[in-house]
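We name chains A, B, ... by the order of the sequence lines, and we start the count at 1 in each one. As the structure is a prediction and not an experimental result, all values here were calculated from the model.
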2 protein chains.
Amino acid sequence: MSVTELGIVQGVELPTRELLETLTNKWTLPVLCALHETSPMRHGELRRQLDGVSQKMLTATLRTLERDGIIERTVYPEVPPKVEYRLSGLGTSLAAIFSLLQLWAADHASDVQAHRSDSDAVGAPQEKLSAGHRHRGALTA
Amino acid sequence: MSVTELGIVQGVELPTRELLETLTNKWTLPVLCALHETSPMRHGELRRQLDGVSQKMLTATLRTLERDGIIERTVYPEVPPKVEYRLSGLGTSLAAIFSLLQLWAADHASDVQAHRSDSDAVGAPQEKLSAGHRHRGALTA
DNA sequence: CAGTATCCCCTGAGATACTG
DNA sequence: CAGTATCTCAGGGGATACTG
């Protein structure tokens with residue numbers, strides 16, 4: 001019999017591209033880099049350190065990472081509640097790469113910015129693509 | 001006088017986080033990895049190799065990367081048009097990191113999938129977060 | 001403290017058609 | 001071939017209020 005007969009495995013396979021996409025969520029990299037530096041960390045610590053996350057997105061990110069086996073979540077049955085997050089083995093190898101990326105970005109942000117200024121000055125008005133369209137209420141109001 | 005008086009420089013600084021976010025667009029990694037393997041590549045080559053990109057998104061991605069000095073764009077004034085893209089020095093260092101990421105994903109996709117199945121089977125119905133809400137016409141109809 | 005529940009806004013990204 | 005112009009929409013992501 002095939003595994004699919006068990007009625008559990010529906011996703012025939014997980015494409016690399018798809019996995020990559022879940023890893024490129026807005027807060028995945030910041031979270032992993034934070035845990036790469038200090039681990040374990042509590043929910044609140046992460047919240048503070050990340051500066052800008054909403055509880056919702058932080059929780060969502062953490063849940064997804066936990067589901068994928070990238071991080072581990074430990075609940076301490078105390079009151080008030082205490083929950084710790086730490087990288088798994090899998091997560092550690094991933095976090096190492098993300099840290100490289102973050103380093104690269106920090107190192108080269110000024111280069112990129114400089115190049116942007118050049119482009120702005122010399123070349124095109126560069127509305128990126130499909131700019132000037134304006135949606136319903138994009139007036140920043 | 002300050003530079004801002006020139007009316008050109010408004011962005012005081014480019015935060016690392018922001019740069020990172022532009023790098024985590026859906027097609028940035030695939031494009032850079034492709035160019036990391038073979039360079040230069042023509043627009044059409046990239047389109048075919050990436051499999052799934054729309055012209056619009058490919059162009060947008062390439063334009064952004066060019067603007068940021070990650071890739072270089074060469075137009076050959078022929079007919080029919082011929083445009084080649086290649087990594088810049090900056091881009092090469094970035095692409096190397098992205099290639100690591102892609103490798104990681106390819107290597108560990110099965111691990112992740114296995115862990116997902118475990119979670120599905122054992123734990124929670126796991127509607128991720130804010131599932132079951134349903135937007136305007138989210139009936140997939 | 002950690003997490004859920006809602007509501008709502010963009011905007012990233014796809015589909016399609018057209019141009020030099 | 002390479003690129004632009006539009007239109008459309010799903011859903012990622014933010015804000016706020018509430019609960020064990």
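Between C/dA2, D/dA17, C/dG14, one nucleotide has an atom nearer to the side chain of B/M57 than all others, and that is C/dG14. The listed nucleotides are D/dA17, D/dA2, C/dA2; the one nearest the side chain of A/V83 is C/dA2. For A/R73, taking side-chain heavy atoms from C-beta onward, the closest of the listed nucleotides C/dT6, C/dG3, D/dA2 is C/dG3. Among the nucleotides D/dA17, C/dT6, D/dA2, the one closest to any side-chain atom of A/Q55 is D/dA17.
Atom NE2 in B/H43 sits about 6 Å away from atom C1' in D/dA2, given to the nearest Å. Nucleotide D/dA2 holds its P atom 11 Å from the CE atom of B/M41, rounded to whole Å. Separating the CG atom of A/L58 from the C1' atom of C/dC1 is a distance of 13 Å, rounded to the nearest angstrom. Atom pair B/E66:CD and D/dA2:C1' shows a separation of 13 Å (rounding to whole Å applied). Rounded to a whole Å, the CG atom of A/L29 is 17 Å from the C1' atom of D/dG13. When rounded to the nearest whole Å, the span between CD of A/E18 and P of D/dG12 equals 12 Å. As a whole-Å value, the separation of A/N25 CG from D/dG14 C1' is 15 Å. One interatomic measurement links the two molecules: CG of B/L62 to P of D/dT4, which rounds to 11 Å at whole-angstrom precision.
When heavy atoms are screened at a 4.0 angstrom cut-off, B/Y85 is found touching the sugar-phosphate backbone but no base atom.
For B/T22 (side chain) and B/L19 (main-chain N/O), a donor-acceptor pair under 3.5 Å exists by modelled atom type.
No side-chain heavy atom of A/L29 sits under 4.5 Å from any side-chain heavy atom of B/T24. By the 4.5 Å heavy-atom criterion applied to side chains, B/L46 and B/L62 are counted as neighbours. Put simply, the side chain of B/R47 reaches to within 4.5 Å of the side chain of B/Q55, judged on heavy atoms.
Mapping A/W27 and B/P81 onto DNA chain D by nearest heavy atom places B/P81 closer to the 5' end of the strand. If A/G52 and A/P80 are placed on DNA chain D by their nearest nucleotide, the residue sitting closer to the 5' end is A/G52.
Taking 3.5 Å as the limit, the base of C/dG12 and the side chain of B/K26 contain no donor-acceptor pair of atoms between them. Applying the 3.5 Å distance criterion, the base of D/dG3 shares no donor-acceptor pair with the side chain of B/K56.
Remark: B/R63 is in phosphate contact with D/dT4, judged by side-chain N or O atoms under 4.0 Å from OP1 or OP2. Listed pair B/R42 / D/dA2 meets the phosphate criterion, a side-chain N or O lying under 4.0 Å from OP1 or OP2.
Between the side chains of B/D118 and B/H115, no donor-acceptor pair of N or O atoms lies under 3.5 Å.
Judged by Watson-Crick or G-U wobble contacts below 3.5 Å, the nucleotide D/dG20 has C/dC1 as its partner.
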